[in-house]
Amino acid sequence: MGKEEKDAATNECSVSTVSGDTQTTPLLGSEKSSTAIDVPKYADEFSSLPPSEAKILREQVVVPDITSSFFQMFRYATATDKLLYLIATTSGILEGTAKPLMTLVFGYITQTFADYYRFDPFKGGIYYNGTYTDKYFNGTYPMFESATYNCTGMYDLYNRTEAYHDCNSEFMPTYISPEEFQRRVNNFALFFLAIGLGDIILSYIEMSIFIGRGDVLSSRIRENYLRATLKQNIGYFDKLGSGEITTRISADTLLIQDAISEKVGFIVSNVTTFFAAFALGFALSYKLTFIMLSVAVFILTTFFISSGKMTKYYKLALGGVSTGGTLAEEVLSSVRNVQAFGIQDRLALKYDKFLAISQKWALRAGIAAGVMSGTMWLGVFSNDSLAFWQGSKFLARDELTISSVITILMAMVQGTYAISNISPHVRSITNGMAAASKIFQTIDRVSVIDSSIETGKRLETVRGDIELRDVKFIYPSRPNVTILEHFNLTIPAGKTVALVGASGSGKSTIVGLLERFYLPLAGQIFLDGVSISDINIKWLRSEIALVSQEPTLFGCSVYENVAHGLIGTEYENASPAEKRALVIDACMQANAMTFIDNLPEGLNTNVGERGFLMSGGQKQRIAIARAIVGNPKILLLDEATSALDTKSEGVVQEALDRASKNRTTIVIAHRLSTVKDADCIVVMRKGTILEMGTHNELLAKQGEYYGLVEAQRIHKQKEEMIEALQNSHSASSSSDSDGMSSTLDEKASLEGSDDKSDDKDTDALLGLSKTKTGKSVLSVAPLQASRDEDNVYSNYGFFETVGFLIKLSGPENHFNVVGAIFSGILGLSYPALGLFYARCIEALRSYPQDTEFMLREIDYFAGLFFMLAVVSFLSSIISLSLFAFAGQKLVRRIRLMTMRQMLRQDISFFDRDENTIGSLTSTLSRDAQAVEGLSGTTLGQILSSMMIVVSSVTLALVIAWNLGLVTTACVPFLLAAGFYRFYILAKFQRKAQQSSEGTASYACEATSAIRTVAALTREEDVMRHYHAELQHQIEKGRGTVHYSALLYGVAQGMLYLIMALTFWYGARFLKNREYDLFQFYVTFMAVVFGAQSAGIMFSYASDMGKAYQATQNIKQLLELKPQIDTWSEDGDIPQNVRGEVEFRNVHFRYPTRPQVPVLRGLNLTIKPGQYVALVGSSGCGKSTTIGLIESFYTPLAGKIMLDGKDISLFNINEYRKQIALVSQEPTLYAGTIKENIELGSTESVTDEQIYAVCKQANIHDFIMSLPDGYDTLCGSKGALLSGGQKQRIAIARALIRQPTILLLDEATSALDSESEKVVQAALDAAAKGRTTIAVAHRLSTIQKADVIFVFENGKVLEAGTHQELLANKSKYYELVQMQALEATA
């Protein structure tokens, strides 16, 4: 959408904002929350309109509220994906049954141990209550013969009938020889070995598929999200920032990827373990299992309640992050403006307000996770307590055997433990579902103007007749302001019609309606007699070429940018040679080849992100070439030459005049010199047509158009001087046109020097020697500086990285310490479990000889188990809540520090290819989020697991050092497998990050230029490139996925291998009675559960890998010190500044293009209070001079002086306080008009001061006409205001600074003639008493300047007043003559 019609949207009358009786709905907080951010409901915004009109507007902006379920995240899975997921799920289910299967074998082997230890062959008796007896107490039978017991139905584990005699229900204990005991244990060890090997294979299959498919499906979601975004109607983007889109596509899709990849595998296997454990328990004893089921129900109930809360809170937290991301994108994309006004900290604090909201809700989610985790621990140990307490009673009543009790107990422990383990992974699932809801809202939104649909008419031939019949239009973003009402206009085929008028009169609105960017509320628009609402949208746009006021290029070569104009035309699939010929021809017509030929790679030269490596004039000429390359039937020129200097404008205008022949052309222009040859000029004001006619006809009327012309007319010199100038120009025009624009953009010049001797002379004057490469030291210096910056980025050691993270979280480290203590207490629970468990096994062994002793012991230790459950419950909640608090504080701090550090950097930092706005915004969101993945629940689990490993191994070595030493020796192998997986994933994350930044940047570039993409019908082209990037990223990661999955499988399966070794090796000590059961089981439980916890710890290897890489990224950025440091307090403070500016032999090359000189010995002096103008062709160094005065860059040689002192000696912040900048492209930020103006002042200002500067800038009356006045919202990047309105507010912002030096870089270029005249008068008045430096293409704005400097090739060609330069009859005269407005004959 253009500038004027948005002005019309506000049209100096009224605007709809969040005020009055407008009902609001909280976006990021509860109604009672002081930090809630309210946005208007669309229904309320349009309630004042008739229902039919409200419906049309609502459809253009409303986004459906969608709550995504878990399975909806898999919506893009194909049949192959579903089959693979089925295989992975099956593997996960089988892998999950390994633990219950292990408990069955464990129960058998425990029974064997108990049977074996009933006899002591060295003492000749049966073990009884800690002693041995030679005689049975119920008879005098010899040892190993029958003894009679009052028990029935007893059977041992193996159903060995020879061990039992059914003689009056007498139990006949069976003696197991040491050799038989060892043989049986060996057999069981083989079972463990088989389970372990199977687990390795199944875990590998499960993880490799889940991770691989998660990568694929998340890429498809990214792709579909971008596709859905690109097909939305333009009204959708008026309330949506590109920063939010970047956050969604980079950060939120990562959350979804986490939720549908390995986390699913963990949950599947753990849930399977839970159900398989209970199935086994029911098979052995439904009574005991039912009793223990109560604990499981308690856990599951808490689980679902907590997870629901977590989903709700995380969704609200994500809203804060994404809204803040939009602000961050705004700020980073206007970093020059930010640094010029020194508002880095103020905007960072504004960003921090959104982070505070996110922190609030994320902390609540973390506490909910702590409650859920604590409940899991309470259930796990309560299960142990209940199983031993109730199981011993069943055993005493002969309803169960020891093996059954132990198997059920272990199964229940494994089942509840499995549920407890999934709590952190469930957090990932809930995060993913919350993120998916946001993303699927866009994907599922039905666009009312969908360019992807194939329906609609396609005309066989296009003449180009256009008619707007009784059209009414209102912008969805300004529903209270009518832009067009009963508007009628007919444009005959092949004619050129110009639309002129004040800002906000509705000119660009007509362009937007023809392109079908918006829907009219009433009336129709016809093309060749067919309503465009019946025409296929993509076909319609392919027949129309648009050149907008702010040209948008894409980050590819010049050739590719121009070739985009062939999309949708008959030449789209032409041969490369034919396409190249068309591109070259179009560039020649647009007068672009003159500078393209001088680029290092010609047409193949990259223009940079959004074309930042090109000057405004060069970008505009490339955009014009792109528009005419496809030979469109209709040409829309919305200020197509506004960014060109006067010399280029004349030639380009001539090219456009030629291009307009035989096609319908609609021209919107403020510079009336560009439309005087139009077949019809339509003069508009406030959405109505005031007058129509040719240039001469309208001049003769002396009406509105005549007034506009007079406002732009340059005061003519004597007639004979003009005629002489015309004669001299006609003699030299042919040669000059060939060399025109021979220089490149001063912003980041790409072209090679066309004057080698000049370079040599320059180097000689500077005394610069040549390097071995033949380049001067001057040219190599910036290149070396760039390399030095690159060297800052290096890999840090593990301990250095962790130490940095600890230091970063310093203010909360006392919370972390307390949290770690409670995590340690939680970690000690497993050694305690081993001790209690071993004593319970000892007690069970006394059955049936001393049932009372068994029950008494079990009751005591069941109580201890419950005590352990309560302690673990409290420890978990406290530790995880503290970690959540510290973690969210850290995340907020990281985001804020990262933002401030980015804004601290030199402007050259943002010029580098890798530091695109999309990439930096993505980094801001992603890295902090990755560090968050290593805090809260995850960090608590890791620390407690580490404590379990250390304490368990220590206990094992103390209790039974022989057995403990051998079994503990296996744990490092388990840890090594997990750690190496962590290392592999960390390395992979580094590579994946680079690819992810590239894709995120590409998507951000496409969505931020959505109007250009839509006008070029580039949607499918963008998607093809994006798809290729994503596929390349997936292919690069396949090897790492399989390697990582294999290491995970080894870590999982090794647990059972350790158990096999422990039983096999431990049986040797038990066989010879070197250790008793208590020692064995303490050692076994400690080592096995320690190893299991180690495996759990490294199940977070993926999170740790991401967090490790993110921490390194953050450390690298925070350690990057700029050359011009706004944080530095060094330097002198300017005193009594007069405003004298001097350039002394200044040489400059941009760091990103060190081979190309921009300024070549610039010398100029500006006296205090002077009004100085800088003029010249595009790329001659004017804007570079402004940038050097602002100290955005450091000159390579020479000095820039302020009041006779080198500006490099001043404190940068104090120095910039003396300067105010008004740029060519005005920058406003989301917030109110008043807030934007206040940003200009370093001190607090009164309302009266604001009113005064707004009156000077000719904007006060307009602001006061709005319903909310100065509290009116500007929208993202000022999107709710027109270009003219934004520029006037920017001027007011500069004036309130009360600067000593005022820099105007095309400050009035976006204003219409009426506004320009008034604003120029205000600027002239504001310039009094201060030094003013203006860069201008419109010479009418600077003819009263005290001195005019004419630039060429980085030097001052001539200088003087307007009259003096006219008398010189040199370069300046050509520029003046080309802007002179004359009535056509």
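Side chains are part of it too, since the values below use all heavy atoms of this structure and drop only hydrogens, waters and symmetry mates.
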Under 3.5 Å, is there a donor on one side chain and an acceptor on the other for T1111 and T801?
no
N431/D258 under side-chain contact (heavy atoms from CB on, under 4.5 Å): CA gap, chis, key distance, verdict:
CA-CA 9 Å; N431 283 353; D258 263 354; over 6 Å; no
Of all the heavy-atom pairs spanning [X] and [Y], show the shortest one and how long it is.
| X | Y | value |
| --- | --- | --- |
| P476 | V61 | CB-CG1, 3.4 Å |
| I443 | A228 | CA-CB, 3.6 Å |
| G370 | S876 | O-OG, 4.1 Å |
| L347 | L327 | O-CD2, 4.2 Å |
| L880 | A369 | CD1-O, 4.2 Å |
| F822 | S879 | CB-CB, 3.8 Å |

Hey, are D1271 and K1234 close enough for a salt bridge, meaning a charged N less than 4.0 Å from a carboxylate O?
no
To the closest 0.5 Å, what do you measure between [atom1] ([X]) and [atom2] ([Y])?
| X | Y | atom1 | atom2 | result |
| --- | --- | --- | --- | --- |
| L1030 | E223 | CG | CD | 6.0 Å |
| L924 | I1114 | CG | CD1 | 10.0 Å |
| L1120 | L1118 | CG | CG | 9.5 Å |
| Q441 | K438 | CD | NZ | 6.0 Å |
| M310 | S428 | CE | OG | 8.5 Å |
| F354 | T326 | CZ | OG1 | 8.5 Å |

Can you find a heavy atom in the side chain of [X] that is under 4.5 Å from one in the side chain of [Y]?
| X | Y | answer |
| --- | --- | --- |
| T1232 | L1273 | yes |
| Y1229 | E1235 | no |
| L882 | N816 | no |
| W377 | S875 | no |
| W361 | L318 | no |
| M902 | T898 | yes |
| R222 | L254 | yes |
| L255 | Y314 | no |

With sequence neighbours left out, what residues match D252 under side chain to side chain donor-acceptor pair (under 3.5 Å)?
R248
Intermediate values then yes/no, side-chain contact (heavy atoms from CB on, under 4.5 Å), R364 and L316
CA-CA 10 Å; R364 292 189 182 185; L316 291 169; over 6 Å; no
[X] side-chain N/O to [Y] backbone N/O, donor-acceptor pair under 3.5 Å:
| X | Y | result |
| --- | --- | --- |
| Q344 | Q339 | no |
| S218 | D215 | yes |
| R346 | L1239 | yes |
| N915 | F909 | yes |
| Q901 | L1117 | yes |

Partner residues of [X] under the salt bridge (Lys or Arg N to Asp or Glu O under 4.0 Å) criterion, sequence neighbours left out:
| X | result |
| --- | --- |
| E812 | R893 |
| R900 | D345 |
| K309 | none |

Does F815 have any ring pair (Phe, Tyr, Trp, His ring centres under 6.0 Å) partners at least two apart in sequence or in another chain, and if so, which?
F885
Sorted by chain and number, sequence neighbours left out, ring pair (Phe, Tyr, Trp, His ring centres under 6.0 Å) with F74 holds for F70, Y85
L805 and L890: side-chain contact (heavy atoms from CB on, under 4.5 Å), yes or no, with the steps?
CA-CA 9 Å; L805 191 59; L890 175 62; 3.9 Å; yes
Determine, stepwise, if the pair S437 / K315 fulfils side-chain contact (heavy atoms from CB on, under 4.5 Å).
CA-CA 9 Å; S437 297; K315 189 173 181 179; 4.0 Å; yes
Check each of Q888, R895, R892 against Q359 using the side chain to side chain donor-acceptor pair (under 3.5 Å) test, and report the only one that passes.
R892
Check the surroundings of atom NZ in K1115: do more than 12 heavy atoms from other residues, nucleotides or ligands lie under 6.0 Å from it?
yes
